[in-house]
Amino acid sequence: VVTYTKMIDLHSKAGLFEQAFDLYREMLRVGVKPDLVTLCAVMDCLGKAGDVVGASRLFDYLKARGYRPDAVAYTTIIDIHSKAGFYQKAVQLYDEMRAVGLHSNTVNYNSMIDCYARSGNLPAAVGLFREMKALGCTPDLQTYAILMTHHAKLGLLESCLQLFEEVQRAGLQPNSIIMMAMVDCFGKKGKFTAALDLFLQIQEKGCPLDVVCYTRIIDICGKCGYYDKAIGFYHEMQQAGVEPN
RNA sequence: UGGAUAAAU
């Protein structure tokens, strides 16, 4: 069962959904009984393949068959609904998780914080962030990345800066996602010089910049009217060995 | 030995 589960997961992560499902059918055919971990991997695969209904049905099925979903199983199905835009259903599943006595862990909080923020309820997202800290659940870099990204999208510079300070106070190493959220936020506020300065700092520090980072600085340059700089970064990107997509 | 969470256009 461990081998089949790992194989299903590997194919799913490689985007080979049909082959992942084939492996699941094969294990059933040869009489290997899937456990909760297997079903979780299959749910995740269904979700990534865009079949939210299928994932949801599998979750209901597994409960009906007597499997007891753990926090990972709930996070899997919650996140599938959240990413597909079914926020209410995600929150409903989150409530159910807590109702059955399961505790949120950092990953579960991260997923729910993102869910609330995506749904447009940033106060609820921040509320969960406070709750996790109050309950002794340590936010990680991803927690901050999620919060900073959403604050940046709304141009909430003060909050973004506060979160950035908190990252450093927590002794976490800001990565390019964290840094780019700050760049975005400056750009959103029309503080082009600050955005550009920070981006140059990231470059100087040798922080790995990928096509997403370059596309964002190009976009910011363009939106601020600095067309020459936009083209400049486009060339710089290629000189750095990053291919445009 | 296996499962869940973060950024652009």
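All chains are named by letter (A, B, ...) in the order of the sequence lines, taking the proteins before the strands, and each is independently numbered beginning at 1. Basis for what follows: all heavy atoms, side chains included, without hydrogens, waters or symmetry-related copies.
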Ordered by number, residues from residues 32-55 of chain A within less than 4.0 Å of RNA chain B (heavy atoms) are D35(A), L36(A), V37(A), T38(A), C40(A), A41(A), D44(A), K48(A)
With a 4.0 Å cut-off on heavy atoms, is T5(A) in touch with a base, just the backbone sugar-phosphate, or nothing at all? base
Chain A vs RNA chain B, heavy-atom contacts under 4.0 Å, first-to-last nucleotide span, 5' to 3', is U1(B) to U9(B)
Per ring-ring contact (aromatic ring centres under 6.0 Å, His included), Y144(A) is matched among F129(A), Y109(A), F164(A) by F129(A)
So, with a heavy-atom separation below 4.0 Å from RNA chain B, the residues of residues 126-154 of chain A are Q142(A), A145(A), I146(A), T149(A), K153(A)
Basic-acidic side-chain contact under 4.0 Å: D95(A), R98(A): yes
Using a distance-only test with no angle check, is there a side-chain donor-acceptor pair under 3.5 angstrom linking Y214(A) and E236(A)?
no
In numerical order, the residues of residues 78-103 of chain A whose heavy atoms come under 4.0 Å of RNA chain B are D79(A), K83(A)
Main-chain N/O of T138(A) paired with T106(A) side-chain donor or acceptor, under 3.5 Å
yes
Please confirm whether the backbone N or O of D35(A) pairs with a side-chain atom of T38(A), one donor and one acceptor, at under 3.5 Å? yes
* To do: Check the pair D22(A), R25(A) against salt bridge (Lys or Arg N to Asp or Glu O under 4.0 Å), reporting the backbone distance first and the verdict last.
  => CA-CA 5 Å; D22(A) 283 344; R25(A) 285 181 213 111; 2.6 Å; yes
Task: Aromatic centroids of Y87(A) and Y94(A) separated by under 6.0 Å - done: no
In numerical order, the residues of residues 6-28 of chain A whose heavy atoms come under 4.0 Å of RNA chain B are K6(A), D9(A), K13(A)
**Asked** Does atom CZ of F17(A) have more than 12 heavy-atom neighbours, drawn from other residues, nucleotides or ligands, at distances under 6.0 Å?
**Response** yes
Looking at E96(A) and K63(A), is there a salt bridge between them, counting it only when a charged N and a carboxylate O are closer than 4.0 Å? yes
Y226(A) vs F192(A) aromatic rings, parallel, tilted or perpendicular, using cut-offs 30° and 60°? parallel
Are the charged groups of R216(A) and D184(A) less than 4.0 angstrom apart, N to O? yes
Base, sugar-phosphate or nothing for D219(A)? Non-hydrogen atoms, less than 4.0 Å. sugar-phosphate
* Give a yes or no answer on whether the side chain of S82(A) reaches the backbone of I78(A) with a donor-acceptor pair at less than 3.5 Å. => no
- Do the side chain of D219(A) and the main chain of G222(A) share a donor and acceptor less than 3.5 angstrom apart? no
Assess, by modelled atom type and distance only, whether the side chains of R65(A) and Y61(A) contain a donor and an acceptor separated by less than 3.5 Å. yes
Salt bridge (Lys or Arg N to Asp or Glu O under 4.0 Å) filter on K83(A), not counting sequence neighbours, yields D79(A), D114(A)
